[in-house]
Amino acid sequence: MLLPELILASTSPYRKALLQRLQIPFRCVASHVDESPLPDETPEQLVARLALAKAQAVLASHPEALVIGADQMACCAGRVLGKPESVARAEEQLQWLQGRRVEYLNGIAIADASGAEQFIVPYSLTLRALSPEDIRRYIEKDQPLDCAGSLRSEGLGISLLEKMEGADPNALMGMPLLTISEVLRRRGYALP
């Protein structure tokens, strides 16, 4: 049986590296989707909508493919946490987050010409108490300026955590591989 080409609707090096762990051939294609939230859209609605929009945008130009769209958002105490993009903003985020529970919501859409399957996979973590020196040293060493919540858990950021909770730790990095593997196996892709 000839399976459709697998495409990841993303150019994120993090998502690409995670999906490569499944050892299935795929390629990455940028989706060029506007990621602005709609008025009164909840974080769950936003990640679901964006994951589907990314998958559908790539599917439009690759109609024979199976496309994975993904989006992630970090939330804490009703506040959406973006990528800090500066050291000062990263320091501010980590200072505010210490001792708090941060929820990472992952929207996943796996689409082909017949339709799409959608999932929201949460993962949460709690930061321990941090001194200003802990925060400065962490940011200097790990450079998490492109990570929502100013935390790179797959790096030194793990040392800032008190607790991690969720069914799939890969979800924290933006690709819930357990869910994706299940769908790909069901669709005939060779996974153990």
Side-chain angles (χ1 to χ4, degrees), residues 1-38 41-75 80 82-83 103-125 144 146-149 151-155 157-158 164-192:
M1 175 171 119
L2 187 60
L3 295 169
E5 176 185 21
L6 185 62
I7 298 177
L8 176 60
S10 175
T11 56
S12 162
Y14 304 113
R15 286 194 177 110
K16 179 181 179 182
L18 284 165
L19 192 56
Q20 284 174 331
R21 291 173 57 190
L22 298 183
Q23 299 181 18
I24 295 174
F26 71 95
R27 68 181 165 127
C28 296
V29 176
S31 62
H32 305 293
V33 168
D34 178 2
E35 298 190 22
S36 303
L38 299 175
E41 192 171 36
T42 67
E44 291 85 355
Q45 291 168 332
L46 178 61
V47 296
R49 178 179 61 81
L50 291 178
L52 183 59
K54 291 173 184 181
Q56 289 175 332
V58 171
L59 187 61
S61 57
H62 300 85
E64 302 300 319
L66 180 64
V67 181
I68 300 172
D71 193 70
Q72 184 187 65
M73 180 171 294
C75 307
V80 173
K83 297 174 183 177
E103 184 168 42
Y104 288 80
L105 299 170
N106 294 274
I108 297 293
I110 302 176
D112 62 15
S114 66
E117 295 182 64
Q118 286 191 263
F119 308 91
I120 294 179
V121 181
Y123 199 86
S124 66
L125 51 83
D146 63 345
C147 298
L151 183 78
R152 191 182 315 277
S153 66
E154 68 276 19
I158 196 75
M164 299 172 76
E165 299 174 277
D168 185 350
N170 300 293
L172 183 55
M173 294 176 276
M175 285 295 284
L177 293 179
L178 296 177
T179 300
I180 292 168
S181 294
E182 178 186 332
V183 173
L184 294 178
R185 264 193 306 277
R186 196 168 9 94
R187 289 176 172 256
Y189 288 84
L191 287 169

For the residue pair [X] and [Y], what are the closest heavy atoms and their distance?
{"X": "Ala30", "Y": "Thr11", "answer": "CB-CG2, 3.7 Å"}
{"X": "Ala55", "Y": "Ala111", "answer": "CB-CB, 4.1 Å"}
{"X": "Ser153", "Y": "Leu172", "answer": "OG-CD2, 3.1 Å"}
{"X": "Ala74", "Y": "Ala148", "answer": "CB-CB, 3.9 Å"}
{"X": "Ser181", "Y": "Leu22", "answer": "OG-CD2, 3.3 Å"}
{"X": "Gly174", "Y": "Arg15", "answer": "O-NE, 3.1 Å"}

Sub-4.5 Å side-chain heavy-atom contact between Leu8 and Val29: no

Contact check, side chains of Tyr14 and Glu154, non-hydrogen atoms, under 4.5 Å: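 Yes. Closest side-chain heavy atoms under 4.5 Å.
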
Expected output: side-chain [X] to main-chain [Y] donor-acceptor under 3.5 Å:
{"X": "Ser61", "Y": "Val58", "value": "yes"}
{"X": "Asp168", "Y": "Leu177", "value": "yes"}
{"X": "Glu5", "Y": "Glu64", "value": "no"}
{"X": "Asn106", "Y": "Gln72", "value": "no"}
{"X": "Arg27", "Y": "Leu6", "value": "no"}

side-chain contact (heavy atoms from CB on, under 4.5 Å) between Met164 and Ile158, intermediate numbers included: CA-CA 10 Å; Met164 299 172 76; Ile158 196 75; 3.5 Å; yes

Which value, rounded to the nearest 0.5 Å, describes the distance between [X] atom [atom1] and [Y] atom [atom2]?
{"X": "Gln56", "Y": "Ser31", "atom1": "CD", "atom2": "OG", "value": "11.5 Å"}
{"X": "Leu105", "Y": "Leu46", "atom1": "CG", "atom2": "CG", "value": "9.5 Å"}
{"X": "Leu50", "Y": "Leu38", "atom1": "CG", "atom2": "CG", "value": "8.0 Å"}
{"X": "Tyr104", "Y": "Leu125", "atom1": "OH", "atom2": "CG", "value": "5.0 Å"}
{"X": "Met173", "Y": "Arg152", "atom1": "CE", "atom2": "CZ", "value": "11.5 Å"}
{"X": "Leu52", "Y": "Ile108", "atom1": "CG", "atom2": "CD1", "value": "12.0 Å"}

Residue pair Asn170 / Tyr123, side-chain donor-acceptor N/O under 3.5 Å: no

Ile68 vs Leu19, side-chain contact (heavy atoms from CB on, under 4.5 Å): CA-CA, chis, key distance, verdict: CA-CA 10 Å; Ile68 300 172; Leu19 192 56; 4.1 Å; yes

Basic-acidic side-chain contact under 4.0 Å: Arg187, Glu117: yes

Partner set under side chain to side chain donor-acceptor pair (under 3.5 Å) for Asp71, not counting sequence neighbours: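 Checked Asp71 against side chain to side chain donor-acceptor pair (under 3.5 Å); matches are Lys54.
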
Working for side-chain contact (heavy atoms from CB on, under 4.5 Å), residues Ile7 and Leu66: CA-CA 6 Å; Ile7 298 177; Leu66 180 64; over 6 Å; no

Working for side-chain hydrogen bond (donor to acceptor under 3.5 Å, both in side chains), residues Thr42 and Gln45: CA-CA 5 Å; Thr42 67; Gln45 291 168 332; 3.3 Å; yes

Set of residues satisfying salt bridge (Lys or Arg N to Asp or Glu O under 4.0 Å) with respect to Arg49, sequence neighbours excluded: Glu41

Pair Phe119-Val183, side-chain contact (heavy atoms from CB on, under 4.5 Å): steps then yes or no: CA-CA 11 Å; Phe119 308 91; Val183 173; 3.6 Å; yes

